[in-house]
Amino acid sequence: MLDLKYLRKNKETAAKQLQDRGVETGTLEALLAKDEERRTLIAKVEEMKAKRNEASDKIAFAKRQKEDASEAISEMQKVAKEIKEMDQTLADLDAEVKEAAAHLPNIAEADVPVGPDESANVEMRKWEPTDYEGRVHALTEAPAWLKPHYEIGEDLGILDFERGAKVSGARFLYYVGDGARLERAVYNFMLDEHRKEGYTEMITPIVVNDSAMFGTGQYPKFKDDAYRVRDLDQTYIPTAEVPLTNYYSGETLPAEDLPISFTALSPSFRKEAGAAGRDTRGLIRLHQFNKVEMVKFAKPEDSDSELEIMTNNAANILEKLGLPYHIITLSTGDMGFSAAKTHDVEVWIPAQNVYREISSCSNTRDFQARRMHITYRNDEGKLELVHTLNGSGLAVGRTVAAILENYQNEDGTVTIPEVLRPYMGGQEKLNKTPHH
RNA sequence: GGAGAUAUGGCACAAUCUGGUACUGCAGCGGACUCGAAAUCCGUCGAGCCGUCGUAUGGCGGUGUGCGGGUUCAAAUCCCGCUAUCUCCUCCA
């Protein structure tokens, strides 16, 4: 949620900033007109309430003196009725303003590239392992035997998309045998790395209520993409960002504890409503996938540097796994709803000859904190909204996909990255797994 | 899932039956005493949010007794719905 006072006071600047975020011109003006109407009514109704309070005090006093107050009471009956009507109108206006404001995306930070979509994204840096020449390297020249990860997985018998579809539907899968072990190794490795970097490991609820979904900005605008629990006003989380960030909703955090960093593995559920037909095969786009998430609560002056730290925490996982990646800064038109600034880490997927998003790290500044009422006491002793950040660290399924493709061998086996071997009993290779 | 109880300022609690300025203590803040501190005494303060005025410390008004409604000139108090917590039962991993 944006600060209404800011929008009011900086009408022109804000209109431009929102336009960059893809908000239609005139939206802000309409909202502020409603807000103006609302504030005028507040002044009126509050004046009447002040009168009513005064009259009530007089009636109470008269009754204590055993005097008759029926005249004053019947007079106030009219006022009470008027107040009630005005309060109703005010509540409607209030709801309209809130609803409109709740649909406005966050305003981008000043150094975010301005543009309509992903074409305006800017590459920050690029990394590839030094020993890369000896491995599959579609960056230079893809060997003829290069296979996409889903073929590797199916050939090895470690990924079963068919039975996933049979039992659940399209975009669900079973990991089998070494596939399941590899997935588990990957997220254990990630959690351990983040813990070393100071993140507190959490296991969260994976079903949350509507107010939590509102708090992080998924609701009301993106309700259609959520897996709702039937009849319960609860939702299967689309990301652990929701329960992790809402952990402190409504709370005031001790300033000396900031920044606070959380990490959690969770399944993530997405309807992928707008993605029909895209990435239909493999681990790239599923209705349910595992993700290790990072969340930070920071003082406003620290949130920019914390975003860089978090992005590096995500990138470091890929470096330790020996997977090539690059980091891009999303343009104003490509950022998510709640973000003020976003770095995407994209991993190399050789079979598709592209970098694919594997982590998205965002600073939402006070946008989520305003919705959730998370504050701290600043140096002047005043309550101030904290800044919240979130990032994937990383999408586990996509990491497995990247490992399968980048570490595949001509004979159909896959070499296990060294850092994962301790998590797999020292195993060095994925061979064909027989199963039933 | 069933029964009962509870929800009031940072904490602990009173007022709820009988509607009318939300009591008191601790903590906080200021002061006195003291070389200083503790103890004691005096004073003061009750979140947050919204509106408005002001350059500002802030003033004024509204709201605020778990949440949402209702009755009333007026609701902590009466009525309806909900949520959370506790105890007992039931069920379980």
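In what follows, every chain begins at residue 1, and chains take the letters A, B, ... in the order their sequences are listed.
Rounded to whole angstrom, the span from the NE2 atom of A:H373 across to the C1' atom of B:G48 amounts to 10 Å. The interatomic distance linking A:I73 (CD1) with B:U71 (P) rounds to 17 Å, in whole Å. Here B:C49 presents its P atom at 16 Å from CD of A:E251, a figure rounded to the nearest Å. In this structure, A:D3 places its CG atom 12 Å from P of B:C49, rounding to the nearest Å. Whole-Å rounding puts the A:D94 CG to B:G62 P distance at 18 Å. A:L41 places its CG atom 13 Å from the C1' atom of B:C50, with the value rounded to the nearest Å. Between the CG atom of A:L232 and the P atom of B:C82 there is a distance of 15 Å, given to the nearest Å. Atom CD in A:E54 sits roughly 14 Å away from atom C1' in B:U21 (whole-Å rounding).
Not one side-chain nitrogen or oxygen of A:N53 sits closer than 4.0 Å to the OP1 or OP2 atom of B:G61. For B:U71, the OP1/OP2 oxygens have a side-chain nitrogen or oxygen of A:K84 closer than 4.0 Å. Taking only side-chain nitrogens and oxygens, A:R8 comes nearer than 4.0 Å to OP1 or OP2 of B:G51. A:R39 has a side-chain polar atom (N or O) that falls below the 4.0 Å cut-off from OP1 or OP2 of B:U52.
Among the protein residues, A:I59 comes within range of the nucleic acid bases, having at least one heavy atom under 4.0 Å from a base atom. Looking at heavy-atom distances under 4.0 Å, A:K63 makes contact with a base. Counting non-hydrogen atoms under 4.0 angstrom, A:A72 reaches nothing in the nucleic acid. Among the heavy atoms of the strands, none lies under 4.0 Å from A:K78.
Relative to the side chain of A:R377, the nucleotides B:G51, B:C73, B:G48 differ in distance, and B:G48 lies closest. Comparing atom distances between the A:A50 side chain and each of B:G51, B:G62, B:A74 picks out B:G62 as nearest.
Residues A:F161 and A:Y150 keep their aromatic ring centres 6.0 Å or farther apart.
Here the rule is side chain to side chain donor-acceptor pair (under 3.5 Å) with A:S360, and of A:D344, A:T342, A:T239 only A:D344 fits it.
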Run the numbers on A:Q408 and A:E151 for side-chain hydrogen bond (donor to acceptor under 3.5 Å, both in side chains), then give the verdict.
CA-CA 11 Å; A:Q408 65 182 298; A:E151 276 180 30; over 6 Å; no
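Across B:C80 and B:A3, the matching P atoms stand 16 Å from one another, rounded to whole Å. Of the P atoms belonging to B:G20 and B:G1, the separation is 38 Å, rounded to the nearest Å. Going from the P atom of B:A5 to that of B:G81 covers 15 Å, rounded to whole Å. Rounded to whole Å, the P atom of B:U71 lies 16 Å from the corresponding atom of B:A76. Here, B:A75 and B:U18 have their C1' atoms 14 Å apart, quoted to the whole Å. Rounded to the nearest Å, the gap between the P atom of B:A14 and that of B:C35 is 43 Å. Comparing the C1' positions of B:C29 and B:U57 gives an interatomic distance of 16 Å, to the nearest angstrom. B:G36 and B:U21 are spaced 43 Å apart, taking the C1' atom of each and rounding to whole Å.
Residue whose closest nucleotide on RNA chain B sits further toward the 5' end, between A:A43 and A:A60: A:A60. If you find the closest nucleotide of RNA chain B to A:E46 and to A:D57, the one lying nearer the 5' end belongs to A:D57.
Relative orientation of the A:F297 and A:F262 rings is perpendicular, given thresholds of 30° and 60° on the angle between their planes. Ring pair A:H287/A:F172 is tilted by interplanar angle, where 30° to 60° counts as tilted.
The pairing partner recorded for B:C78 is B:G70, the criterion being a Watson-Crick or G-U wobble arrangement whose two distances lie under 3.5 angstrom. Base-pair partner of B:U85: B:A5 (Watson-Crick or G-U wobble, both distances under 3.5 Å). In this structure B:U24 sits in a base pair with B:A12, meeting the Watson-Crick or G-U test at under 3.5 Å. For B:U63, the paired nucleotide is B:G48, the pair qualifying as Watson-Crick or G-U wobble because both relevant distances are below 3.5 Å. The pairing partner recorded for B:A39 is none, the criterion being a Watson-Crick or G-U wobble arrangement whose two distances lie under 3.5 angstrom.
A:K58 NZ: 12 or fewer foreign heavy atoms inside a 6.0 Å radius.
The side-chain tip of A:K296 points at the ring of A:Y199 from less than 6.0 angstrom away and within 45° of straight on.
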